[in-house]
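The structure appears below as structure tokens.
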2 protein chains.
Amino acid sequence: MAITLKDVAREAGVNVSTASRALNNSFGIHVDTRKRVLEVAERLKYRTNQVARGLVTGQSHSIGLVISDIRNPFFAEVARGAEDAAFHAGRDLVLCNSDLNAEKQMRYLDWLLAKRIDGIVINSVAPLSPAQQDQLWSAGVPIVLLNLSLAHRRSPLWRFSAAIADNLAGGEIAGNYLIDLGHAHVLHVTGPRTHGNFADRTIGFLNAFQRRGLPRPRVVYGEHTFGAAYQVAMQHLEADRNMTAIFAGNDVIAFGCMRAMMEKGVRIPEDVSIVGFDNLEMSQISSPPLTTIDQPKYETGKAAVEMLLSMMAKDGPHEPEHRIIGVRLIERESCRRIAGTAVQDRRSAKHLARDGSSHSLSAANKSVRDKPRKHSVKE
Amino acid sequence: MAITLKDVAREAGVNVSTASRALNNSFGIHVDTRKRVLEVAERLKYRTNQVARGLVTGQSHSIGLVISDIRNPFFAEVARGAEDAAFHAGRDLVLCNSDLNAEKQMRYLDWLLAKRIDGIVINSVAPLSPAQQDQLWSAGVPIVLLNLSLAHRRSPLWRFSAAIADNLAGGEIAGNYLIDLGHAHVLHVTGPRTHGNFADRTIGFLNAFQRRGLPRPRVVYGEHTFGAAYQVAMQHLEADRNMTAIFAGNDVIAFGCMRAMMEKGVRIPEDVSIVGFDNLEMSQISSPPLTTIDQPKYETGKAAVEMLLSMMAKDGPHEPEHRIIGVRLIERESCRRIAGTAVQDRRSAKHLARDGSSHSLSAANKSVRDKPRKHSVKE
DNA sequence: ATGAAAGCGCTAACAA
DNA sequence: TTGTTAGCGCTTTCAT
């Protein structure tokens with residue numbers, strides 16, 4: 001049905017191997033022959049069968065992306081970065097939504113391995129049992145994680161490579177920012193304890209208070225969803241009248257809290273300040289626009305795939321690589337200074353780096369006034 | 001390196017074909033033999049090489065999803081629906097972000113065809129030249145579009161199958177809703193003229209006014225982005241003081257307008273009402289929550305893949321199928337009734353169907369009071 | 001520089 | 001029920 005290499009070869013009056021060389025190799029073939037083959041291929045609209053090629057080369061030229069849910073705008077950004085990098089390298093991206101469900105995740109992984117996928121970028125293998133993790137590890141496929149705690153380096157997950165934001169630093173930046181604004185009674189609403197990225201944000205945040213000799217803020221763990229955060233906030237807004245600020249584990253949690261505050265008639269930032277984490281696109285259109293920690297999501301996806309590609313390049317076992325991606329504070333309008341607080345020049349505060357580049361992959365952190373993004377949502 | 005079928009066969013003391021049958025077919029094989037083969041396969045951790053299988057069966061067991069940009073929350077929902085349906089049918093989803101760029105789109109399509117993809121769901125082939133469209137059409141791969149004008153049935157695009165929301169009805173519902181609330185001076189801010197889905201919304205919207213004998217609202221075409229909509233709104237908020245409502249071509253456009261209104265000190269809905277289209281998740285957390293036309297995005301993606309599957313089932317040329325997916329109005333808090341307007345029971349208005357089911361694939365339209373969604377964003 | 005031939009791992013006739 | 005055989009379409013030695 002479709003045109004095969006044999007057809008092209010016959011039409012061009014050469015052997016299939018010659019035709020193959022003409023189409024692929026640049027040397028070992030006469031320039032005229034190659035030209036002729038190319039012409040015939042063009043005329044016949046020949047298209048290499050990548051499946052057949054894959055069978056012999058052992059490469060599928062595709063990369064798997066296993067995430068919780070693409071509807072999470074965080075992952076959508078990551079996915080775009082990953083896909084761009086993959087496309088650039090002549091590979092395609094297979095999208096898998098695991099819902100962080102261990103069984104489903106294993107089914108995806110099995111399937112990807114059966115397809116002889118070249119590499120896998122995966123949100124988290126934490127839901128898998130140690131045995132499953134071992135199995136995955138020993139499959140011999142390059143793997144890069146998107147979720148890993150920097151604070152728990154003894155974890156068996158550390159044998160995997162990872163591309164992650166500097167959550168530890170981000171949490172600390174948020175903490176210092178609120179402290180500098182004069183907030184002492186801060187509530188930290190975050191996701192599950194076991195989630196590496198969230199855990200690090202919390203640790204960094206608490207460190208900031210500890211280092212300044214301030215009392216430990218109250219931390220509430222829960223589901224990292226809009227609804228769950230809404231519930232938590234509703235509850236604590238009643239109970240804790242002294243609270244002047246909230247640090248949310250991510251922007252979605254922040255939105256849930258904001259919704260609760262709106263309903264309770266609590267004004268932002270007049271009554272309570274709030275800081276998020278992620279810098280989702282919608283954080284600039286919430287009201288008020290949300291002050292948050294930006295993590296380069298697109299860059300993370302891109303970096304993960306690039307790491308995969310370099311792992312694929314050199315075979316044999318490789319040292320795990322952990323790429324820590326810098327975060328920065330984006331000041332918008334959801335925080336205010338508490339009256340009677342000594343004003344201090346934030347530019348000189350030591351937790352703010354003076355790095356200038358915008359999306360470097362270093363762990364440099366900086367505070368920037370929000371400027372409009374070039375990218376915007378299209379349909 | 002990896003375990004092959006041959007290894008399993010040898011170990012089980014049978015021929016590869018027998019092993020193959022044991023693993024695949026359910027009949028024509030002795031129950032003991034099959035059990036033995038299965039055991040050996042299990043013990044050796046054998047995993048079928050789908051590439052090799054694909055070469056002989058001619059099926060890649062993957063489906064291509066070519067959309068503008070996964071970061072658009074609309075497409076993220078569609079993608080999730082598509083992926084779920086594909087996974088359910090034992091296929092995987094290859095994600096391609098085309099940015100609606102013709103050249104890029106063709107490169108993706110070529111690549112997918114080279115991978116002998118089983119079928120393609122594509123946002124729009126409109127950017128392609130007629131020659132490119134023909135080429136794609138004659139490739140013989142099942143294709144389902146996500147963008148097609150119901151109002152232009154003579155278009156060559158109509159030979160393709162499509163899964164689309166009832167944009168025509170949606171536009172009309174929005175129009176009638178605003179008319180019923182007493183709005184006569186309405187601005188319609190929408191996307192590019194050539195975009196089938198937007199075009200239909202506009203046509204439906206204008207129809208509503210025409211049928212009621214009302215003057216034609218002003219329509220502004222532009223980019224369907226937050227930024228572009230913001231600009232348009234800034235401009236028209238100054239120029240057109242009589243305007244009492246805006247109908248936005250989609251929610252993102254609505255958000256852009258709302259941002260402009262906020263900056264101009266125009267209150268929503270006290271001064272100006274606004275209706276969106278899409279019912280993105282964030283439309284419930286904007287302030288005020290946005291009244292909008294809901295289109296079942298997840299269902300659309302799911303339907304598109306299911307159509308693909310049924311096309312794949314029967315070979316030979318198939319009649320194009322156009323699945324029109326019902327829309328409905330979600331009333332939230334961004335619209336108000338204009339004083340002095342005759343109050344009329346909206347439930348009895350003829351543009352509101354009395355259908356009860358929630359996400360039917362029929363073209364039934366209905367109005368519902370927003371109830372909290374179960375799904376929420378997770379990271 | 002080109003051709004002949006082997007084979008990637010699997011399925012699917014066709015025999016037995 | 002099982003084995004034999006012939007490919008699927010391509011790359012890649014090894015000869016020539």
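All of these numbers come straight from a predicted model, not from anything done at the bench. In what follows, chains carry the letters A, B, and so on, assigned in the order in which the sequence lines appear, proteins first and then strands, with residues in each chain numbered from 1.
Here D:dG3 presents its C1' atom at 18 Å from CZ of B:Arg34, a figure rounded to the nearest Å. Look at NZ on B:Lys35: it is 17 Å from P on D:dT1, rounded to the nearest Å. B:Arg53 has its CZ atom 18 Å from the C1' atom of D:dG9, to the nearest Å. Protein atom CG of A:Asn15 is 13 Å distant from nucleotide atom C1' of C:dA6, rounded to whole Å. In this structure, B:Ile3 atom CD1 and C:dC10 atom C1' are separated by 16 Å, rounded to whole Å. Going from atom CG of A:Asn24 over to atom C1' of D:dT13 covers 16 Å, rounded to whole Å. Atom CG in A:Leu23 sits roughly 14 Å away from atom P in C:dT2 (whole-Å rounding). Taking atom CD1 of residue A:Ile29 and atom P of nucleotide D:dT16, one finds them 21 Å apart after rounding to whole Å.
Within 4.0 Å (heavy atoms only), B:Phe27 reaches no atom of the nucleic acid at all. Residue A:Val14 is in sugar-phosphate contact alone, with no base atom involved, counting any heavy-atom pair closer than 4.0 Å across all strands shown.
Between A:Leu5 and B:Thr33, the residue whose closest nucleotide on DNA chain D is further toward the 5' end is B:Thr33. Along DNA chain C, the nucleotide nearest to A:Arg21 and the one nearest to B:Thr18 differ in position, and the one closer to the 5' end is contacted by A:Arg21. Remark on DNA chain C: of its neighbouring residues A:Gly13 and B:Lys6, the 5'-side contact belongs to A:Gly13, judged by nearest-heavy-atom nucleotide. For B:Leu55 and B:Arg36, each mapped to the nucleotide of DNA chain D holding its nearest heavy atom, the one lying further toward the 5' end belongs to B:Arg36.
OP1 and OP2 of D:dC10 both lie 4.0 Å or more from every side-chain N or O belonging to A:Asn49. Regarding contacts with the backbone of D:dC10, every side-chain N or O of A:Ser20 stays at 4.0 angstrom or more from both OP1 and OP2.
Residue-to-nucleotide contacts include a donor-acceptor pair under 3.5 Å from the side chain of A:Ser17 to the base of C:dA4. The base of D:dG9 has none of its N or O atoms less than 3.5 Å from a complementary donor or acceptor on the side chain of B:Arg116.
The aromatic rings of A:Phe160 and A:Trp137 stand perpendicular to each other, their planes meeting at an angle above 60°, with 30° marking the opposite boundary.
A pairwise comparison of heavy atoms in A:Val66 and A:Leu112 identifies CG2-CD1, 3.8 Å as the closest pair. Across every non-hydrogen atom of A:Ala79 and B:Ile70, the tightest pair is CB-CG2, 4.4 Å.
Side chains of B:Ile164 and B:His322 form no contact here, defined as non-hydrogen atoms less than 4.5 Å apart. When side chains are defined from C-beta on, A:Asp84 does not count as touching A:Lys302, because their heavy atoms never get closer than 4.5 Å.
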